[in-house]
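The basis for the numbers below is simple: all heavy atoms, side chains too, and nothing from hydrogens, waters or symmetry mates. Both counts, for ligands and for their atoms, begin at 1 and track the order of listing. Residues take their numbers from the sequence shown, with the count starting at 1.
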Amino acid sequence: MPDGETATPSRRAMLGLAACAARSAAFGYAPIARAEPAAGGLGALAAAKGLMFGASFAVQELDKPTGALYAEIYRRDAAIITTEIELKLHELRRRPGPIDFSGSDRFFDFATANGLLARGHTLIWHDYLPAWIKALPPKEAGALLEDHVAQVMRRYRGRAHSYDVVNEPIAPWDRLPDNLRAGPFLSALGEHYITRSFELARAADPGARLVLNEAQMEAETPRGLEFRASFLALLKRLKARGTPIDAIGFQSHLAAGTAYDFRRFADYIAGIADLGYDIYLTELDVDDHLLSGDIARRDDHVARLYRAYLGAVLKVPAVKLLTLWQLADSASWLQHLTGPTRRRPARPLLYDAEFVRKPAWHAVAEALLDMPAR
Ligand code: XIL
């Protein structure tokens, strides 16, 4: 955050935002207000309501010519940042032997130097694994899990706000019992790999909040409803075993053109919260690859989807954290997806390639202004 700026948005900024919200409410629809950038940015707006706001952060972006601009939008808008790739097994353990902490150390150092909270994503995941781990016999994969969770969390003990301890445990297409996702850790320990990972995490850093993170539950589609049912059943089994989970992470990767009923989804996450968990929205972005029209039309559609989603889910008091999956379009993982409908740069986030705020930034600002305080 630039020197001299207050941590909370100035009264003028808040009044400016309030006027925008009132105007939009008066018309009965939600035109995306051009909210004046609050002094403290989106993080301060969220903090004023008791919500943590931020985004995933990739240290390699700092080494690009736009590195200073990239860092600046996080200082302005984020209160918390998430490791995009630095804490994944592929980055830490490209080959057998000692863990390479160079990338993750750089991430935590950036967070500390800029007064940002830090989220570790993700300790145990089926994806983004080096070949040597995928090839491990079950017994050795189980031993690796024991060593990995403990080593990583002991290194950053006291420095991480929270960890996505296990990511994406559900995969109906793997056709395994309870729709569990295949992977070396499930092969090693069965479903117990999840409970064991959380037990190790709790022991390694009792001060960190422990999160079970999942995707694909936001859509009002047969696949989305299947994910919700399978995930809820898994969570009830984990709870019955006393698994030390503090929060449930909903990745929130939205896509224009998908069927949604955000009010029903908000009811679902409220039901999860009733089981005794905080709710974290962990990887929000809006995929615009199926949208037609010029940039202005696409950006407005994306902004409206942010506004509609956040307007529904931020009404749930248990939602305590909202992090996007990057802040700037140029750094989005969606730029690297390929296919016949992906022939132009993706525009899923809040800042364009020149790091100028887009309508989506204003939509998020308006949603934060409108949300009830925690
Ligand atoms: C993605 C990163 O953004 C990419 O840079 C990387 O190549 C692959 O992983 N859900 C998740 C994230 O939980 O870990 C994924 O992140 C995006 C989907």
Linking I/L/V/M/F/W/Y whenever any side-chain heavy atoms sit under 4.5 Å apart, do [X] and [Y] land together?
X      : Y      : result
Leu62  : Leu87  : yes
Leu310 : Ile272 : yes
Leu212 : Leu281 : yes

Would one find an N or O of Asn213, backbone or side chain, under 3.5 Å from an N or O of ligand 1? no
Looking only at distance, does Trp325 have an N or O less than 3.5 Å from an N or O of ligand 1? yes
Taking the six-membered ring for Trp, are Phe250 and Phe265 ring centroids under 6.0 Å apart? yes
Can Arg159 be said to sit on top of Phe108's aromatic six-ring, NZ or CZ under 6.0 Å from centre and within 45° of the ring axis? no
Nearest heavy atom to atom 5 (O) of ligand 1 wins, so pick from Glu84, Gln60, His121. Glu84
Compare Gln326, Glu283, His90 and give the one whose heavy atom is closest to atom 18 (C) of ligand 1. Glu283
Going by the ring-ring contact (aromatic ring centres under 6.0 Å, His included) test, name the single residue among Tyr280, Tyr163, Trp325 that passes it with His121. Trp325
Quick one: look up the protein heavy atom nearest atom 6 (C) of ligand 1 and list residue, atom name and how far away it is. Tyr128 CE1, 3.8 Å
With no hydrogens and no angle check, is any side-chain donor or acceptor of Arg374 less than 3.5 Å from a backbone partner on Val319? yes
Is a side-chain donor or acceptor of Tyr260 paired with a backbone partner of Ala255 at a separation under 3.5 angstrom? yes
Quick one: which ligand 1 atoms are inside 4.0 Å of a heavy atom on [X]?
X      : value
Gln251 : 10 (N), 11 (C), 13 (O), 18 (C)
Asn167 : 11 (C), 13 (O)
Lys88  : 1 (C), 2 (C), 9 (O), 12 (C), 14 (O), 15 (C), 16 (O)
His253 : 10 (N), 18 (C)

Heavy-atom pairs closer than 4.0 Å: do any link ligand 1 to the side chain of Asp164, the backbone, both, or neither? neither
Under 4.0 Å from ligand 1, counting heavy atoms only, is it the side chain of His336, its backbone, both or neither? neither
